[in-house]
Amino acid sequence: MKNNDFNPADNIQDLQYFGEFGGVNPSISDSSTYTFLSAKTMFDTFEGNMEGCYLYSRHSSPSNLYLDQALAAMEGTEAANVSASGMGAITPTLLQLCGVGDHIVSSRTIYGGTYAFLKNFTPRLGIETTFVDITKLEVVEAAITPKTKVLYCETVSNPLLEVADIAGLSAVAKKHNLTLVVDNTFSPLSVSPARLGADVVIHSLTKYINGSSDTVGGVTCASREFINSLKNVNTGASMLLGPTMDSLRSASVMKNLRTLHIRMKQHSYNAQYLAERFERDGLKTVYPGLASHPSHQLYKNMINPEYGFGGMMTIDVGNLATANTLMELMQERNLGYLAVSLGFYKTLFSAPGTSTSSEIPLEEQTEMGLTDGLIRFSIGLDNDIERTYQSMKQCMRELNVL
Ligand SMILES: *Cc1c(COP(=O)(O)O)cnc(C)c1O
């Protein structure tokens with residue numbers, strides 16, 4: 001399935017911009033509304049018949065379209081639509097695809113907000129979801145009913161770092177005429193889900209893609225037809241629910257996107273370095289780049305190898321009290337921040353059971369293997385990762401974790 005001629009970072013690099021005044025960055029459009037020289041053009045634009053004309057910035061703005069274009073190029077889809085947050089991409093996408101009486105089959109290990117949306121919110125709209133172990137294709141297929149419209153997963157799941165077999169899921173989706181929606185937030189550049197058969201690819205831009213923890217943002221990448229449907233002035237969930245990204249922000253996200261490939265290589269290098277050493281030291285370490293990871297081979301075959309296995313890893317230190325003390329000590333030693341989120345230049349760590357996955361009931365957490373001594377790391381861009389390793393090891397020794 002993988003196409004070796006496709007390189008997401010080259011696709012971004014190959015875009016060329018000439019700003020309004022010859023600037024190497026496109027000018028930022030800072031208007032909510034747009035003039036028309038003739039009333040007829042305005043009418044045609046509202047009808048969706050005037051490519052290149054703007055009517056109102058909740059629908060599109062020049063700055064957002066530049067970022068849309070770059071992210072569509074990155075994922076190899078025809079089109080994209082940026083939004084004010086990752087949830088602002090996920091929720092309209094699912095509501096565009098499903099209505100009363102429809103059914104979704106979703107991975108059970110997904111971002112806490114998405115889980116809460118599917119478990120608590122969409123039933124109010126008559127949309128039911130069955131949560132499954134996404135790594136078992138036969139279990140996924142068995143959950144499909146005549147009402148199922150969408151198969152939903154994350155490429156690498158939060159926080160357990162399970163890997164979805166996207167090509168396998170795509171075959172199941174095609175067989176049952178479902179739309180395969182993949183949240184690729186943890187693995188930009190490393191994995192190109194649309195190349196593996198995903199119909200819709202979503203990112204929280206908040207994380208790696210923007211990479212500076214200074215904003216929230218999201219994107220839906222898909223066919224031109226689907227993106228147009230999201231933006232349709234009469235029936236589009238993005239247009240009508242209104243999770244629009246601001247133009248000033250999309251211009252700043254785009255500047256950060258240009259260094260994503262350099263950052264991802266360093267995140268992956270550092271995480272691989274630490275994971276190998278922590279595992280050797282006897283810590284329970286989960287990282288897709290370790291041969292001990294249950295999906296290591298699958299993931300190895302899915303990734304664009306130069307970007308590595310990503311910057312996310314977990315260790316299990318036995319219990320929550322130890323996890324909390326260790327995180328506080330690591331923060332005190334300036335090894336990172338005790339904070340949720342990911343993709344920052346500094347390492348971020350949190351205990352998922354009490355933070356990002358706290359929407360998931362305790363008994364379900366246990367069932368899916370989310371133990372309370374688990375610490376999730378988003379490994380930073382540290383220049384000298386051996387120095388970081390030594391300092392982290394010192395913290396662990398002091399708390400008798402090692
Ligand atoms: C953070 C995150 C989201 C939600 O994105 P926001 O930008 O916070 O709305 C969705 N999916 C995954 C995998 C995430 O990590």
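Both backbone and side-chain heavy atoms feed into the values below; hydrogens, waters and symmetry mates do not. First listed ligand is number 1; within each ligand, the first listed atom is number 1.
- By the 4.0 Å heavy-atom criterion, Gly88 is excluded from the residues contacting ligand 1.
- Regarding atom 5 (O) of ligand 1, its nearest protein heavy-atom neighbour is Ser204 OG, 3.0 Å.
- In terms of protein heavy-atom proximity, atom 2 (C) of ligand 1 is nearest to Lys207 NZ, 2.5 Å.
- Assignment of Ile110 to the shell around ligand 1 is not supported, since no heavy atom sits closer than 4.0 Å.
- The residue among Thr91, Val216, Thr206, Thr185 with a heavy atom at the shortest distance from atom 7 (O) of ligand 1 is Thr206.
- At least one side-chain heavy atom of Glu141 sits under 4.5 Å from a side-chain heavy atom of Lys175.
- Of all the heavy atoms of Ile90, the ones lying under 4.0 Å from any atom of ligand 1 belong exclusively to the side chain.
- Enclosure of atom CG in Asp384 by more than 12 non-hydrogen atoms of other residues, nucleotides or ligands within 6.0 angstrom is indicated.
- Inter-residue side-chain proximity for Thr155 and Met302 is flagged as met; some heavy-atom pair is nearer than 4.5 Å.
- Of all protein heavy atoms, the one closest to atom 8 (O) of ligand 1 is Tyr111 OH, 3.9 Å.
- Distance alone, capped at 3.5 Å, is enough to place a donor-acceptor pair between the His293 side chain and the Leu161 backbone.
- Note: Tyr273 and Tyr269 have tilted aromatic rings, judged against thresholds of 30 and 60 degrees for the angle between ring planes.
- Numbered from 1 in the order shown, with element, the atoms of ligand 1 that lie under 4.0 Å from a heavy atom of Asp183 read 10 (C), 11 (N), 12 (C), 13 (C).
- More than 12 heavy-atom neighbours from other residues, nucleotides or ligands sit within 6.0 angstrom of NZ on Lys265.
- Atom numbering of ligand 1 starts at 1 in the shown order; those under 4.0 Å from a heavy atom of Phe186 are 13 (C), 15 (O).
- Which parts of ligand 1 touch Gly217 is read off a 4.0 Å heavy-atom cut-off, strictly below it: atoms 7 (O).
- Looking at Lys147 and Glu128, their side chains never come closer than 4.5 Å, going by heavy atoms from C-beta outward.
- At most 12 heavy atoms of other shown residues, nucleotides or ligands fall within 6.0 angstrom of atom OH in Tyr56.
- At a 3.5 angstrom cut-off on N or O pairs, Thr114 does not count as close to ligand 1.
- Note on ring orientation: taking the six-membered ring where Trp is involved, the planes of Tyr299 and Phe309 are tilted (angle from 30° to 60°).
- The ligand atoms of ligand 1 that sit less than 4.0 angstrom from a heavy atom of Gly86 are 5 (O), 6 (P), 7 (O), 9 (O).
- In terms of N/O distances under 3.5 Å, ligand 1 is approached by Met87.
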